[in-house]
Amino acid sequence: MELTSSTERGVPIVTVQEQRIDAAAALAFKDRVRDVTEGGQDTVLLDLNHVVFIDSSGLGAIVASMKILSPKRRLVLAGLTPAVDKVFRLTRMDSVFGVFATVEAALNELQE
Amino acid sequence: MELTSSTERGVPIVTVQEQRIDAAAALAFKDRVRDVTEGGQDTVLLDLNHVVFIDSSGLGAIVASMKILSPKRRLVLAGLTPAVDKVFRLTRMDSVFGVFATVEAALNELQE
Amino acid sequence: MGRRPPLPLFSISLLGVEDAVREGIAQTLAWLTPLELSEDETNTVQLVLAEALNNVVEHALAGTGGQTTVEIRGHHGASGLDLCIVDKGIAMPDGVVPRLPAPDVTVDVADLPDGGFGWFLIHTLAQDVTYVRRGKHNYLTLRLAVAL
Amino acid sequence: MGRRPPLPLFSISLLGVEDAVREGIAQTLAWLTPLELSEDETNTVQLVLAEALNNVVEHALAGTGGQTTVEIRGHHGASGLDLCIVDKGIAMPDGVVPRLPAPDVTVDVADLPDGGFGWFLIHTLAQDVTYVRRGKHNYLTLRLAVAL
Ligand SMILES: Nc1ncnc2c1ncn2[C@@H]1O[C@H](COP(=O)(O)OP(=O)(O)O)[C@@H](O)[C@H]1O
Ligand SMILES: Nc1ncnc2c1ncn2[C@@H]1O[C@H](COP(=O)(O)OP(=O)(O)O)[C@@H](O)[C@H]1O
């Protein structure tokens, strides 16, 4: 599970460098998010724009990551491709996360 | 391939004592008919009333038996069950053989 | 389509020899029990399967002497019963389903055909016959208008 | 239904472990190429298969550690795409398809569900879901309204 982390305009961004977050990837995803976000304070932006497929295990791993960060930090999402967006909408998890169309839109909201 | 032979009102009857004349049975059928009809002179009545399934290989074996008997002897059929009758009709072989509904009907026609 | 218990996509494996065909047909019929086929429908299934399987054993797998298996797969739906026969034998001539007419029977007894009716019966009894080769496998699909 | 090249009744075998699911889905999609599914249809196939296969691996085959295989069988016809998943694992609870509602997400973050959406997604995306147990096998059939 390849994840990269960066900081733009003061916002920590975690970018998933894989096409799939499925059952086989879920555990590694959760561990990697925990690793790359360790020690920070701010809201984390998860950039999903490379992800073209997610199943309920992948969704669960993202939810679990949010729960690990909370209550101190928020996890918000950007760059949901249609297939990923669909899973969030069907399960109503889109109402739980802050979801932004693009990283740019998320940064505009989160900075300052 | 169990066949029995008998003579009724002077007519040699070969009765197939099996439910199927299919590819696996075709060769044995042909051989057995040849064996039980060997040496005779008269028209042979093949009683198919126990046969509930026939495929094109079984049909071929019956045709082959008729060809072995000819030109001296005829082969006529009786007791075709619906599935057997259908194969004879579809292939138009019903026009080639004398086909009787029952052994009784065939005997009425063949004796004298 | 009436409310019948659903039929799963079933599959039966048989040895690619003449003597295994009968058992393959019997196993197929066992899967079809929930469809409550009429006697005529049952005969159609048996006859089409017998002809197709005999062809596979005699032609596609000729000379392999039973080292290879044949699969019968079945699916029932709104458009009837689809049976698919899968083998690892040689491909169909020209890669297409043979469309052979019924041999002529208006001939002298000595010239009567004792074979060659297989494809004619299949085409007569099946709604639709399709063939594809994929990799080293032949897939012959027979759509039967039964249990509609 | 448009005139598409016919799809044979295909079958794919995969090891009954989590890591094999992805490859099983990929092989299924390869078979479906002739159907020219839209992106959304392709995602429906992937998602339904993933959920169903994950369930088999995690529940029906729990603890078998990959000594057993799972089959994905597929059929396309006038009523859509039927996918049938066959495994030799334990039967469904009560012998029926679980019909679990979506977990509630209007809760505190700490109580959010990170699982339990599998059957909900399957029932939402599939037209029809049927289950039968025959012998030692489970047959789960998923009818998808794609390539209609
Ligand atoms: N599965 C097959 N694979 C390759 N060739 C086949 C196959 N089926 C039939 N053929 C060819 O088609 C011919 C006619 O087949 P068919 O009508 O079934 O007659 P027959 O009863 O003599 O086999 C065969 O003789 C063979 O050359
Ligand atoms: N194939 C199966 N065989 C046996 N039990 C199953 C199967 N699939 C699901 N279950 C049961 O149904 C429950 C809910 O399944 P599901 O909605 O997919 O949630 P989860 O994502 O937690 O697996 C499982 O926890 C399990 O008890």
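No experiment lies behind these values; they were computed from the predicted model shown. Protein chains get the first letters and strands the later ones, always in sequence-line order, with residue 1 at the start of each.
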Exercise. Would C/Phe117 and C/Thr124 count as a side-chain contact (heavy atoms from CB on, under 4.5 Å) if you check the C-alpha gap in whole Å, the side-chain angles of each, and the deciding distance to 0.1 Å?
Worked result: CA-CA 10 Å; C/Phe117 286 103; C/Thr124 302; over 6 Å; no
Exercise. What part of C/Leu112 lies closer than 4.5 angstrom to a heavy atom of chain B: side chain, backbone, both or neither?
Worked result: both
Seminar exercise, completed: So, the part of C/Leu53 with a heavy atom under 4.5 Å from chain B: the answer is neither
For this session: Against chain B, label C/Pro103 side chain, backbone, both or neither, depending on which of its atoms sit under 4.5 Å from a heavy atom there.
Result: neither
Exercise. So which part of C/Ala102 gets closer than 4.5 Å to some heavy atom of chain B, the side chain, the backbone, both or neither?
Worked result: neither
Problem set entry | Region of B/Ile54 that comes under 4.5 Å of a non-hydrogen atom in chain C | backbone
For this session: Could you tell me which residues in residues 67-86 of chain B have at least one non-hydrogen atom under 4.5 Å from a non-hydrogen atom of chain C, sorted by residue number?
Result: B/Lys67, B/Ser70, B/Ala83, B/Lys86
Problem set entry | Those residues of residues 27-42 of chain B, ordered by number, that approach chain C below 4.5 Å (heavy atom to heavy atom) | none
Exercise. Just checking heavy atoms, which of residues 12-25 of chain C are less than 4.5 Å from chain B?
Worked result: C/Glu18, C/Asp19, C/Arg22, C/Ile25
Problem set entry | Which atoms of B/Leu59 approach chain C - backbone, side chain, both or neither, heavy atom under 4.5 Å | side chain
Problem set entry | Heavy-atom proximity to chain B below 4.5 Å, by part of C/Asp108 | neither
For this session: Measure distances from C/Gln46 to the heavy atoms of chain B and classify the residue's part below 4.5 Å as side chain, backbone, both or neither.
Result: both
Problem set entry | Residue pairs fulfilling ring-ring contact (aromatic ring centres under 6.0 Å, His included) with at least one residue in residues 47-91 of chain B, sequence neighbours excluded | B/Phe88-B/Phe97
Problem set entry | Residue part contacting chain B, namely of C/Thr44, when any heavy atom lies under 4.5 Å | side chain
